[in-house]
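Let me begin by presenting the structure, written as structure tokens, before commenting on it.
These numbers come from a predicted model, not from an experiment. Side-chain atoms are counted along with the backbone in the values below, which use heavy atoms only and exclude waters and symmetry mates.
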Amino acid sequence: MKNIITSLLDLIYRKKCYFCGSSEHSLKMCPKCFDELCYSDFVPNRIINGVNIYSCGMYEKYLQKLIRGLKYHKQKELAYYLAKFMYYYFNRVGINRAFQVVPVPLHKNRIKKRKYNHMELVAEEFCKFMGYTPNFELIKRIKDTKPQYKLSKPQRMENLKDAFEVDKTKFLDMPVLIIDDICTTGSTFEEMINSLNKEGITDITCLASSSP
């Protein structure tokens with residue numbers, strides 16, 4: 001009887017894939033859907049102020065749904081899969097260095113509304129995969145910026161001007177890897193790079209999970 005009850009509970013509470021609805025693997029993202037994610041070339045997507053910017057994939061199909069589910073729909077478990085996707089990509093880039101991983105910070109007002117910073121969740125999982133060190137204290141967002149998606153490049157830069165503050169006392173003696181979900185014009189990375197450079201921190205690499 002106990003085995004029957006356990007089997008029934010397993011059947012009832014099996015997780016469904018957020019993407020295809022299958023409960024075969026009882027995972028939030030089944031292996032088949034994860035394999036649908038497409039990787040970009042394993043070279044810098046662009047260079048900003050001498051810093052290499054890598055983008056893992058294109059913001060479309062399953063990767064778009066993965067990011068939006070994690071970012072806007074409280075699907076926190078998806079952080080693991082986005083981190084795994086970024087790990088597989090960055091591992092193949094072949095940069096054999098130890099990094100302190102700095103996720104793009106949110107302003108306290110945004111945190112209060114959303115309840116979490118999705119990129120901090122991703123950073124934690126990504127660091128487990130890579131053996132890196134997360135650093136959530138090095139740089140803070142002190143300006144409650146407007147959403148960027150409707151702004152032009154100049155408007156984005158003005159929106160982000162003086163948005164970040166670096167606490168040099170929190171710097172670890174290792175290169176910085178800034179991670180974000182989407183790199184569109186690169187404005188967020190650029191402003192963070194500038195803020196770090198002003199404090200003498202110049203050994204920086206940037207990684208986004210996707211680009212448009």
Verify salt bridge (Lys or Arg N to Asp or Glu O under 4.0 Å) between Glu125 and Lys128, making sure each step is shown before the conclusion.
CA-CA 5 Å; Glu125 298 295 341; Lys128 291 176 188 176; 3.7 Å; yes
A quick test of your reading: do over 12 heavy atoms of other residues, nucleotides or ligands sit less than 6.0 Å from [atom1] of [X]?
X     : atom1 : value
Lys65 : NZ    : yes
Lys61 : NZ    : no
Asp41 : CG    : no

Should Phe99 and Arg97 count as side-chain neighbours, where that means a heavy-atom distance under 4.5 Å?
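In short, these two side chains touch, coming nearer than 4.5 Å.
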I'd like to check the ring pair (Phe, Tyr, Trp, His ring centres under 6.0 Å) partners of [X]; sequence neighbours left out, ordered by chain and number.
X     : value
Tyr87 : Phe129
Phe19 : Tyr62
Phe85 : Tyr39

For residues 168-178, which side-chain N or O atoms pair as donor and acceptor with protein atoms under 3.5 Å away, sequence neighbours left out?
residue	atom	partner	partner atom	Å
Lys168	NZ	Glu199	O	2.8
Thr169	OG1	Asp167	OD1	2.5
Thr169	OG1	Asp167	OD2	3.3

From Leu196 atom CG to Asp203 atom CG, the distance as rounded to the nearest 0.5 Å:
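That separation rounds to 11.0 Å.
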Measuring from atom CD of Glu165 to atom OG of Ser195, what distance do you get when rounded to the nearest 0.5 angstrom?
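The OG atom of Ser195 is 9.5 Å from CD of Glu165, to the nearest 0.5 Å.
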Run the side chain to side chain donor-acceptor pair (under 3.5 Å) test against [X] and tell me which residues pass, sequence neighbours left out.
X      : result
Asn91  : none
Asn197 : none
Arg92  : none
Asp35  : none

Looking only at heavy atoms, which two atoms of [X] and [Y] are closest? And how far apart?
X      : Y      : answer
Ser209 : Cys56  : O-CB, 3.3 Å
Met58  : Pro212 : CE-O, 2.7 Å
Leu121 : Ala79  : CB-CB, 3.6 Å
Cys127 : Thr133 : SG-C, 3.8 Å

Under 3.5 Å side-chain donor-acceptor pair for Ser152 and Arg156:
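Result is no, nothing qualifies.
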Should side-chain heavy atoms under 4.5 Å link Ile, Leu, Val, Met, Phe, Trp and Tyr, which residues sit in the same cluster as [X]?
X      : value
Ile47  : none
Val43  : none
Phe136 : none

I'd like to know if the side chain of Arg141 and the backbone of Ala163 have a donor-acceptor N/O pair within less than 3.5 Å.
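It does not hold such a pair.
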Using atom types as modelled, flag every donor-acceptor pair under 3.5 Å from a side chain in residues 179-191 to any protein atom, sequence neighbours excluded.
residue	atom	partner	partner atom	Å
Asp181	OD2	Lys71	NZ	3.1
Asp181	OD2	His118	NE2	2.8
Thr185	OG1	Ser187	N	3.3
Thr185	OG1	Ser187	OG	2.6
Glu190	OE1	Lys153	NZ	3.0
Glu191	OE2	Asp162	N	3.4

Geometric cation-pi criterion Lys28 and Tyr80, 6.0 Å radius, 45° cone
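Geometry flag: not set, cation outside 6.0 Å or 45°.
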